[in-house]
Amino acid sequence: KLLRTASRLAAALALLLRAWAGAAASVEAPKSGRILIVGSVNMDIIVDVDRLPRAGESILTGRADTGKAVPGGKGANQAVAVARLCAASGVCEAQFVCKFGNDAHAPVLERVLKENAVDVSL
């Protein structure tokens, strides 16, 4: 869902950038700008439960097959949206500064960002 939202945002921003570039006769859009995003990256773990917990209560899922890992984090979602905008417009690239953890999720998160044309080399 987050990646769909990021994709929609990127498409809308690409349209705005194209309109800006077309309307600004005396201003040329940058050919190779870099947009730097600094923020969080995390793996969201979504677990199905039968009901929401009451105040102070912990609940468990009754199904062993529940649980879905989804890449996320406010900064990561913004970086993907910017990278998609840049790909659609061809005038920029996205660079993302974050701190990857040392758990099993870190390589997956890095791979997903790179697959979405986000530069995480900084």
Side-chain angles (χ1 to χ4, degrees):
K1 182 177 178 181
L2 293 175
L3 290 178
R4 265 197 322 267
T5 301
S7 180
R8 288 181 187 145
L9 175 61
L13 291 174
L15 288 173
L16 288 172
L17 185 58
R18 285 190 195 116
W20 170 80
S26 63
V27 178
E28 188 172 316
K31 298 291 186 230
S32 61
R34 291 184 178 165
I35 299 173
L36 179 67
I37 301 97
V38 179
S40 62
V41 60
N42 56 267
M43 188 68 79
D44 297 332
I45 309 297
I46 301 169
V47 178
D48 293 326
V49 293
D50 294 328
R51 63 177 177 80
L52 294 175
R54 295 181 187 94
E57 178 185 26
S58 296
I59 61 173
L60 302 173
T61 183
R63 297 178 297 278
D65 63 344
T66 190
K68 180 178 176 182
V70 181
K74 190 184 292 187
N77 293 337
Q78 292 170 350
V80 169
V82 168
R84 290 179 180 176
L85 165 65
C86 292
S89 66
V91 298
C92 55
E93 65 182 70
Q95 291 187 305
F96 183 42
V97 175
C98 64
K99 176 66 176 162
F100 290 104
N102 60 357
D103 60 4
H105 298 299
V108 175
L109 293 166
E110 185 174 1
R111 187 192 80 240
V112 168
L113 287 165
K114 287 179 178 178
E115 287 172 353
N116 282 277
V118 175
D119 178 358
V120 293
S121 64
L122 294 177

Legend entry - Listed partners of Ser58 passing side-chain hydrogen bond (donor to acceptor under 3.5 Å, both in side chains), at least two apart: none
Inset, instruction - Could you list all the salt bridge (Lys or Arg N to Asp or Glu O under 4.0 Å) pairs where at least one residue sits in residues 104-118, not counting sequence neighbours? - result: Glu110-Lys114, Arg111-Glu115
Inset, instruction - Go through the structure and list residues passing salt bridge (charged side-chain N to carboxylate O under 4.0 Å, His left out) with Lys74, not counting sequence neighbours. - result: none
Inset, instruction - Kindly state each residue pair satisfying disulfide (SG to SG under 2.5 Å) with at least one member in residues 45-77, sequence neighbours excluded. - result: none
Legend entry - Check: Val82 and Val80 side chains under 4.5 Å, non-hydrogen atoms: no
Inset, instruction - Name all residues meeting the disulfide bond (SG atoms under 2.5 Å apart) criterion together with Cys86; count only those two or more places apart in sequence or in a different chain, and write none if there are none. - result: Cys92
Legend entry - Distance (rounded to the nearest 0.5 Å) between Leu113 CG and Cys98 SG: 6.5 Å
Legend entry - Ile37 versus Gly75, closest heavy-atom pair with distance: CG2-O, 3.7 Å
Inset, instruction - Tell me who clusters with Leu36, hydrophobic residues only, linked when side chains sit under 4.5 Å apart either directly or through other members. - result: Val38, Val97, Leu122
Throw together a table of side-chain donor-acceptor distances under 3.5 angstrom for residues 61-71, partners on residues two or more places apart or in other chains.
residue	atom	partner	partner atom	Å
Thr61	OG1	Asp48	O	2.8
Thr61	OG1	Arg63	N	3.4
Arg63	NH1	Asp50	OD1	3.2
Thr66	OG1	Asp48	N	2.8
Thr66	OG1	Asp48	OD2	3.4

Inset, instruction - Identify the heavy atoms of Gly101 and Ala106 that sit nearest to each other, and give their distance. - result: O-CB, 3.2 Å
Inset, instruction - May I ask whether Ile45 and Val108 are part of the same hydrophobic cluster, defined by side-chain heavy atoms of I, L, V, M, F, W, Y residues being less than 4.5 angstrom apart, directly or through others? - result: yes
Inset, instruction - Could you identify which residues cluster with Ile59, counting Ile, Leu, Val, Met, Phe, Trp and Tyr as linked when any side-chain heavy atoms lie under 4.5 Å apart, either directly or through a chain of such contacts? - result: Val49
Legend entry - Min side-chain heavy-atom separation Asn42-Phe100 under 4.5 Å: no
Inset, instruction - Compare all side-chain heavy atoms of Val41 with those of Phe96 and state whether any distance is below 4.5 angstrom. - result: yes
Legend entry - Partner set under side-chain hydrogen bond (donor to acceptor under 3.5 Å, both in side chains) for Arg54, not counting sequence neighbours: none
Legend entry - Pairwise distance CD1(Ile35) to CD(Gln78) - rounded to 0.5 angstrom: 11.5 Å
Legend entry - Contact list for residues 95-108, test side-chain hydrogen bond (donor to acceptor under 3.5 Å, both in side chains), sequence neighbours left out: Gln95-Asp119
